[in-house]
Novice: 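Quick one: this structure, given as structure tokens, is what I'll be asking you about.
In what follows, chains are A, B, ... by sequence order, proteins preceding strands, each numbered from 1. As a basis for the values below, the full set of heavy atoms in this structure was taken, side chains included, without hydrogen atoms, waters or symmetry mates.
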2 protein chains.
Amino acid sequence: MLNPDVQPDPAPIFAALGDRTRLSLLMKLSDGDARSIAKLSTDTLLTRQAITKHLRVLEGAGLVASLRVGRESRFAARRETIDAARAYLDRVSGHWDDALARLRTFVEDEPAG
Amino acid sequence: MLNPDVQPDPAPIFAALGDRTRLSLLMKLSDGDARSIAKLSTDTLLTRQAITKHLRVLEGAGLVASLRVGRESRFAARRETIDAARAYLDRVSGHWDDALARLRTFVEDEPAG
DNA sequence: CGAAAGCGCAACTCAATAGTTGCTCTTATC
DNA sequence: GATAAGAGCAACTATTGAGTTGCGCTTTCG
């Protein structure tokens, strides 16, 4: 086992999540089932190609995986990557516990230090 | 109390997180302390203006808050928004429990439905 | 075999983003 | 009061990103 859980840069993951269309695609896939591009392109105003591009972005970030089955490409969400993003936010959020810490240096400190 | 915790669109939050520079800024602020732009501009190759722009993006997404203290602008992380992003990922990730569910429809289903 | 469904590739447009430089203004400091 | 530190504003460039259209290829179905 090499690289147990080294996530070198979570920014691309968040960048992939930072689009309303892609978030809704992930939501559709959030039940764990895989769906074809055609099925994921229904109930949207965008073209199939636009959806395809978004799916490839999600795939590039590791948020979904694709597999060719017959003439269709199926996409499924990858929980590991979603959990990696969650874990990162835990680290950002978990560094301070007290809500007062924010207000502390926000106002009280001497201006110029 | 109006709009208790209605987060209409988490995409802008993730978009703001989807940049390496902004993530490192958030990391610096992850202890809850507030820092000036000048202090946040050290240890980086970017100009102060670039850092300022990034901070304003984070502020626009609600991830940080700013306050003018004397001649300097102090920024502090806002845990609520970070937690909102976490909560959203919880909803995406929590919809399916079984890891096998992914593999199920990923391979086994009949190709054309 | 022929038609249609599903998809990939390429070129293109338009808008948003990252980053820079130059200037001005305010606030501390000596 | 002069100087320097901290920061805001505006204009500009270059790159990325979203979305489209058109075309061709493969796979299923009648």
Novice: Base, sugar-phosphate, or nothing: which does A:R22 touch, judged by heavy atoms less than 4.0 Å apart?
Specialist: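 The residue A:R22 makes sugar-phosphate contact but no base contact.
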Novice: Rounded to the nearest angstrom, tell me the gap between atom CD1 in A:I51 and atom P in C:dG8.
Specialist: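 Taking CD1 of A:I51 and P of C:dG8, I get 13 Å after rounding.
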Novice: When the distance from CZ of B:F14 to P of D:dG17 is rounded to whole Å, what number comes out?
Specialist: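 The distance from CZ of B:F14 to P of D:dG17 comes to 18 Å, rounded to the nearest Å.
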Novice: Go through the steps to decide whether B:D43 and B:K39 satisfy the test side chain to side chain contact (heavy atoms under 4.5 Å, CB included), and finish with yes or no.
Specialist: CA-CA 9 Å; B:D43 296 328; B:K39 182 162 277 185; over 6 Å; no
Novice: Taking the side chain of A:K53 as heavy atoms from C-beta outward, which of D:dT20, C:dA18, C:dA5 is closest to it?
Specialist: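 For A:K53, the side-chain atoms sit closest to D:dT20.
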Novice: Which is true for A:R20 with a 4.0 Å heavy-atom rule: it touches a base, it touches only sugar-phosphate, or it touches nothing?
Specialist: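 Here A:R20 touches no strand at all.
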Novice: Can you figure out which of D:dG8, C:dT21, C:dG6 approaches the side chain of B:I37 most closely?
Specialist: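 Given the options D:dG8, C:dT21, C:dG6, the side chain of B:I37 is closest to D:dG8.
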Novice: Between A:T47 and D:dT20, is there a side-chain N or O to OP1/OP2 distance below 4.0 Å?
Specialist: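 Checking A:T47 against D:dT20: at least one side-chain N or O falls below 4.0 Å of OP1 or OP2.
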Novice: Check A:V64 against A:L29 and note the closest heavy-atom contact, atom names and distance.
Specialist: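 Here A:V64 and A:L29 meet closest at CG1-CD1, 4.0 Å.
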Novice: Nearest whole angstrom, please: distance from the C1' of C:dT20 to the CG of B:L46.
Specialist: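 From B:L46 CG to C:dT20 C1': 10 Å.
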Novice: Measure across A:K28 and A:L40 and return the closest heavy-atom pair with its distance rounded to 0.1 Å.
Specialist: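 So the two residues come closest at NZ-O, 3.5 Å.
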Novice: Rounded to whole angstrom units, what separation is found between the CG atom of A:L58 and the P atom of D:dA18?
Specialist: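 To the nearest whole Å, that distance equals 10 Å.
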Novice: So does A:R48 reach the base of C:dG8 with its side chain, donor to acceptor, closer than 3.5 Å?
Specialist: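 Side chain to base: pair found, below 3.5 Å.
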Novice: Rounded to whole Å, please give me the gap between CG in B:L25 and P in C:dG19.
Specialist: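 Roughly 11 Å, once rounded to whole Å.
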Novice: How close or far is atom P of C:dA18 from atom CG of B:L55, stated in whole angstroms?
Specialist: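 Rounding to the nearest Å, CG of B:L55 and P of C:dA18 are 12 Å apart.
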Novice: Counting only side-chain nitrogens and oxygens, does A:S73 get under 4.0 Å of the OP1 or OP2 atom of C:dG6?
Specialist: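 Checking C:dG6 against A:S73, no side-chain N or O comes under 4.0 Å of OP1 or OP2.
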Novice: What nucleotide among C:dA18, C:dG8, C:dG6 has an atom nearest to a side-chain atom of B:H54?
Specialist: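 Of all the options, the side chain of B:H54 is nearest to C:dA18.
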Novice: Through what angle, rounded to 10 degrees, does the axis of the helix from C:dC1-D:dG30 to C:dC30-D:dG1 turn between its ends, using five pairs per end?
Specialist: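 The end axes of the helix from C:dC1-D:dG30 to C:dC30-D:dG1 are about 30° apart, to the nearest 10°.
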Novice: Mapping A:V57 and A:R68 onto DNA chain D by nearest heavy atom, which one lands closer to the 5' end?
Specialist: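 Whichever sits nearer the 5' end wins; that is A:V57.
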Novice: Any idea which heavy atoms bring B:S30 and A:V92 closest together, and the distance?
Specialist: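 For B:S30 versus A:V92, the nearest heavy atoms are CB-O, 3.4 Å.
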Novice: What pair of heavy atoms forms the shortest contact from B:S66 to B:F75, and how long is it?
Specialist: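 That would be CB-CE2, 3.4 Å.
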Novice: Going from NE2 on A:H54 to OG1 on A:T44, what distance comes out if it is rounded to the nearest 0.5 angstrom?
Specialist: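 Going from the NE2 atom of A:H54 to the OG1 atom of A:T44 covers 8.5 Å.
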Novice: Taking all non-hydrogen atoms of both residues, which atom of B:D19 and which atom of A:A11 are closest, and how far apart?
Specialist: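 Where B:D19 meets A:A11 most closely, the heavy atoms are C-CB, 3.9 Å.
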Novice: Go through the N and O atoms of the side chain of B:Q49 and the base of C:dG19, and report whether any donor-acceptor pair is under 3.5 Å.
Specialist: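 Check fails, no donor-acceptor contact within cut-off.
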Novice: Side chain of A:T52 only, please: which of D:dA7, C:dG8, C:dG6 is the nearest?
Specialist: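 When the side chain of A:T52 is considered, C:dG8 is the closest of D:dA7, C:dG8, C:dG6.
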Novice: At 4.0 Å (heavy atoms only), tell me whether B:A50 reaches a base, stays on the sugar-phosphate, or touches nothing.
Specialist: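 Since a base atom lies under 4.0 Å of B:A50, the category is base.
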Novice: Please walk me through it: do B:R74 and B:S36 pass side chain to side chain donor-acceptor pair (under 3.5 Å)?
Specialist: CA-CA 4 Å; B:R74 299 206 175 163; B:S36 69; over 6 Å; no
Novice: Looking only at side-chain atoms of A:R71, point me to the closest of C:dC7, C:dA4, D:dG19.
Specialist: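 Nucleotide nearest to A:R71's side chain: C:dA4.
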Novice: For B:R56 and C:dG19, give me the distance from atom CZ to atom C1', rounded to whole Å.
Specialist: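 Between C1' of C:dG19 and CZ of B:R56: 17 Å.
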Novice: Roughly how many Å is it from CG in A:D19 to P in C:dA15, rounded to a whole number?
Specialist: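 Result: 17 Å.
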